[in-house]
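Working notes, structure below.
Fair warning: this is a prediction, and the values are worked out from it, not measured in the lab.
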Amino acid sequence: MDMYQNILVVIDPTTEEQKALKRAIDLAERIHTARPDQQINITAFFSIFDFSYEMTTILSSVDRDNMRQMVINERQVWLDDIISETNCQMKITSQVVWHNRPFEAIIKQVIAHNYDLVIKGTHQHDKFKSVVFTPTDWHILRKCPCPVLLVKEHKWPLQGNILAAVNVGSDETEHLSLNNTITTHAKNLAQLITANVHLVNSYPGTPVNIAIEIPEFDASEYNSTMQIHHQEAMNQHANSFDIPLANTYVEEGLPESVIEQVALKIDAELVILGTVGRTGISAALIGNTAEHVIDQLNCDVLALKPDGYVSPLAD
């Protein structure tokens with residue numbers, strides 16, 4: 001497996017448990033075991049900013065730069081101590097930068113150094129035991145050109161379940177290509193961590209306005225036709241990747257509901273899905289289905305972009 005060779009780990013200053021770093025080390029060690037000849041680079045990355053240093057007008061620009069560098073150096077020592085405490089035998093590089101927008105610092109780093117995976121920990125709401133995604137998470141999911149793995153505090157057990165969310169009912173080239181990318185990642189990761197791959201696809205029910213406006217419209221026949229179309233497409237896709245049909249799920253409903261229900265049903269450790277990364281007015285009006293899905297999940301999520309995606313932050 002050579003898909004993850006250059007991994008960027010986002011360090012969380014609010015917690016002692018650096019679950020993203022743990023996941024990166026675990027993943028890198030598994031890759032190394034499977035492919036001893038493959039070089040894997042891990043970079044622990046931290047973006048820091050303190051507005052008070054920017055407002056110190058009585059100091060010269062040189063003095064402000066020196067103060068910022070002092071803070072960076074302190075954080076660099078802190079980060080190196082965190083890395084040292086992992087007792088990881090693999091080399092982990094550390095980097096601290098001064099930036100007022102963490103997501104932008106992360107994505108710029110990815111673009112500049114060709115990282116092929118970003119790993120970031122998620123926060124959990126203590127009262128409801130659910131994952132809380134921050135604005136930084138959403139920005140990274142939308143704008144990062146490489147795969148993004150959002151993790152929670154747990155291990156990936158042997159014979160666990162990976163759920164790949166595909167859109168087999170569409171004949172659009174972008175969706176078909178993304179389906180293949182998602183399933184390939186799922187298969188490769190399943191082989192790496194000894195897990196089982198499951199596929200899920202949702203399809204819309206009868207449009208309410210049609211059922212109301214056209215009395216002779218047969219909603220039952222429409223639903224049956226839609227279900228058969230999606231099931232046949234799912235069977236074809238699963239067979240092309242040697243995935244047992246018993247591990248496929250085709251359900252009527254919204255993606256966020258169907259994927260969450262299936263993830264709970266099979267106790268998925270990881271859900272893999274695609275995001276087109278819409279930004280601007282398009283995102284505001286249409287929304288991003290992947291974000292609605294992710295917001296419902298309480299497990300690790302791997303979000304992938306379609307081939308040819310260009311980040312809006314790319315120069």
Exercise. With side chains defined as the heavy atoms from C-beta onward, is the minimum distance between Leu150 and Asp137 less than 4.5 Å?
Worked result: yes

Problem set entry | Check: Ile107 and His139 side chains under 4.5 Å, non-hydrogen atoms | no

Exercise. How would you list, by chain and number, every residue that makes a side chain to side chain contact (heavy atoms under 4.5 Å, CB included) with Glu269, sequence neighbours excluded?
Worked result: His154, Trp156, Pro157, Asp267

Exercise. How many angstroms lie between CG in Leu199 and OG1 in Thr183, if you round to the nearest 0.5 Å?
Worked result: 5.5 Å

Exercise. Ignoring hydrogens and geometry, is there a side-chain-to-backbone donor-acceptor pair from Ser257 to Gly253 under 3.5 Å?
Worked result: no

Exercise. Would you call the rings of His185 and Tyr4 parallel, tilted or perpendicular, where under 30° means parallel and over 60° means perpendicular?
Worked result: tilted

Exercise. Which distance, rounded to the nearest 0.5 Å, do you find between the OH of Tyr203 and the CD of Glu252?
Worked result: 5.0 Å

Problem set entry | ring pair (Phe, Tyr, Trp, His ring centres under 6.0 Å) involving Tyr115 - partner list, sequence neighbours excluded | none

Problem set entry | Main-chain N/O of Ala233 paired with His237 side-chain donor or acceptor, under 3.5 Å | no

Problem set entry | Set of residues satisfying salt bridge (Lys or Arg N to Asp or Glu O under 4.0 Å) with respect to Arg75, sequence neighbours excluded | none

Exercise. Do Val200 and Val166 come within less than 4.5 Å of each other through their side chains, counting heavy atoms only?
Worked result: no

Exercise. Can you name the salt bridge (Lys or Arg N to Asp or Glu O under 4.0 Å) partners of Lys22, sequence neighbours left out?
Worked result: Glu17

Problem set entry | For Pro145 against Ser311, the heavy-atom pair lying closest together | CD-CB, 4.0 Å

Problem set entry | Audit row: Val271, Cys299, side chain to side chain contact (heavy atoms under 4.5 Å, CB included) steps and yes/no | CA-CA 7 Å; Val271 170; Cys299 63; 3.7 Å; yes

Exercise. Counting distance only, does the side-chain N/O of Asn201 pair as donor-acceptor with the main-chain N or O of Val250 below 3.5 Å?
Worked result: no

Exercise. Under 3.5 Å, side chain of Asn100 to main-chain N/O of Phe49, donor-acceptor pair present?
Worked result: no

Problem set entry | Heavy-atom side-chain contact between Thr43 and Ile92 under 4.5 Å | no

Exercise. What residues, two or more places apart in sequence or in another chain, satisfy side chain to side chain contact (heavy atoms under 4.5 Å, CB included) together with Gln159?
Worked result: Thr194, Asn196

Exercise. So does Lys152 pair up with Asp300, basic N to acidic O under 4.0 Å?
Worked result: no

Exercise. What residues, two or more places apart in sequence or in another chain, satisfy side chain to side chain contact (heavy atoms under 4.5 Å, CB included) together with Thr14?
Worked result: Asp12, His123

Seminar exercise, completed: Ala20 and Gly121 have their tightest heavy-atom pair at CB-N, 3.5 Å

For this session: Could you name each residue pair satisfying side-chain hydrogen bond (donor to acceptor under 3.5 Å, both in side chains) that touches residues 238-251, not counting sequence neighbours?
Result: His198-Tyr249

Exercise. Do Met234 and Leu254 belong to the same hydrophobic cluster, where Ile, Leu, Val, Met, Phe, Trp and Tyr are linked whenever their side-chain heavy atoms lie under 4.5 Å apart, directly or via other members?
Worked result: no

Exercise. Any side-chain heavy atom of Leu270 sitting closer than 4.5 Å to one from Leu302?
Worked result: yes

Exercise. Between Lys143 and Pro312, is there a donor-acceptor pair closer than 3.5 Å when you use the side chain of the first and the backbone of the second?
Worked result: no

For this session: Could you check Asn41 against Gln39 for side chain to side chain contact (heavy atoms under 4.5 Å, CB included), going step by step and ending with a plain yes or no?
Result: CA-CA 7 Å; Asn41 302 310; Gln39 179 68 37; 3.4 Å; yes

Exercise. For Ala44 and Leu79, which heavy atoms make the closest approach, and how far apart are they?
Worked result: O-CD2, 3.5 Å

Problem set entry | side chain to side chain contact (heavy atoms under 4.5 Å, CB included) involving Asn66 - partner list, sequence neighbours excluded | Val62, Asp63

Exercise. Is the backbone N or O of Thr173 less than 3.5 Å from a side-chain atom of Ser177, with the two atoms forming a donor-acceptor pair by type?
Worked result: no

Seminar exercise, completed: Between Ala165 and Ile259 the two heavy atoms that sit nearest each other are CB-CD1, 3.5 Å

Problem set entry | Cluster link Ile82 to Met90, ILVMFWY, side chain under 4.5 Å | yes

For this session: Sequence neighbours left out, what pairs pass ring pair (Phe, Tyr, Trp, His ring centres under 6.0 Å) with at least one residue falling in residues 70-93?
Result: Phe46-Trp78

Exercise. Taking C-beta and beyond as the side chain, do Phe45 and Val9 meet within less than 4.5 Å on heavy atoms?
Worked result: no

Problem set entry | Heavy-atom donor-acceptor pair, Lys187 side chain to Phe241 backbone, under 3.5 Å | yes

Exercise. Can you name the residues that form a salt bridge (Lys or Arg N to Asp or Glu O under 4.0 Å) with Glu104, not counting sequence neighbours?
Worked result: Arg101

Seminar exercise, completed: The reported gap from CD in Gln109 to CG in Asn114 (rounded to nearest 0.5 angstrom) is 11.0 Å

Exercise. Roughly how far apart are His99 NE2 and Ile106 CD1, rounded to 0.5 Å?
Worked result: 10.0 Å

Problem set entry | Nearest-0.5 Å distance that lies between atom CG in Leu149 and atom CG in Leu8 | 12.5 Å

Problem set entry | Side chains of Gln76 and Ser94, donor plus acceptor under 3.5 Å | yes

Exercise. Is there a path from Ile182 to Leu176 through hydrophobic residues (I, L, V, M, F, W, Y) whose side chains come within less than 4.5 Å of each other?
Worked result: no

Problem set entry | Any donor-acceptor pair under 3.5 Å from Asp116 side chain to Asn6 backbone | yes

Exercise. Is the shortest heavy-atom distance from the side chain of Ile119 to the side chain of Val151 under 4.5 Å?
Worked result: yes

Exercise. Any side-chain heavy atom of Leu273 within less than 4.5 Å of one from Leu304?
Worked result: no

Exercise. Could you go step by step and tell me if Leu189 and Gln191 meet the side chain to side chain contact (heavy atoms under 4.5 Å, CB included) rule?
Worked result: CA-CA 5 Å; Leu189 279 169; Gln191 184 177 12; over 6 Å; no

Can you give the donor-acceptor pairs under 3.5 Å from side chains of residues 24-31 to other protein atoms, not counting sequence neighbours?
residue: Asp26; atom: OD1; partner: Arg30; partner atom: NE; Å: 3.1
residue: Asp26; atom: OD2; partner: Arg30; partner atom: NE; Å: 3.2

Problem set entry | Greater than 12 external heavy atoms within 6.0 Å of Gln69's CD | yes

Problem set entry | Partner set under salt bridge (Lys or Arg N to Asp or Glu O under 4.0 Å) for Asp37, not counting sequence neighbours | Arg35

For this session: Return the minimal non-hydrogen interatomic distance between Lys108 and Leu313, and the atom names on each side.
Result: NZ-O, 2.9 Å

For this session: Grab the two heavy atoms, one from Cys146 and one from Val118, that are nearest each other, plus how far apart they are.
Result: SG-CG2, 3.8 Å

Exercise. Where the side chain of Glu16 meets the backbone of Pro13, is there a donor-acceptor pair that is under 3.5 Å apart?
Worked result: no

Problem set entry | Atom pair CD1/CD1 of Ile83 and Ile11 - distance to nearest 0.5 Å | 6.5 Å

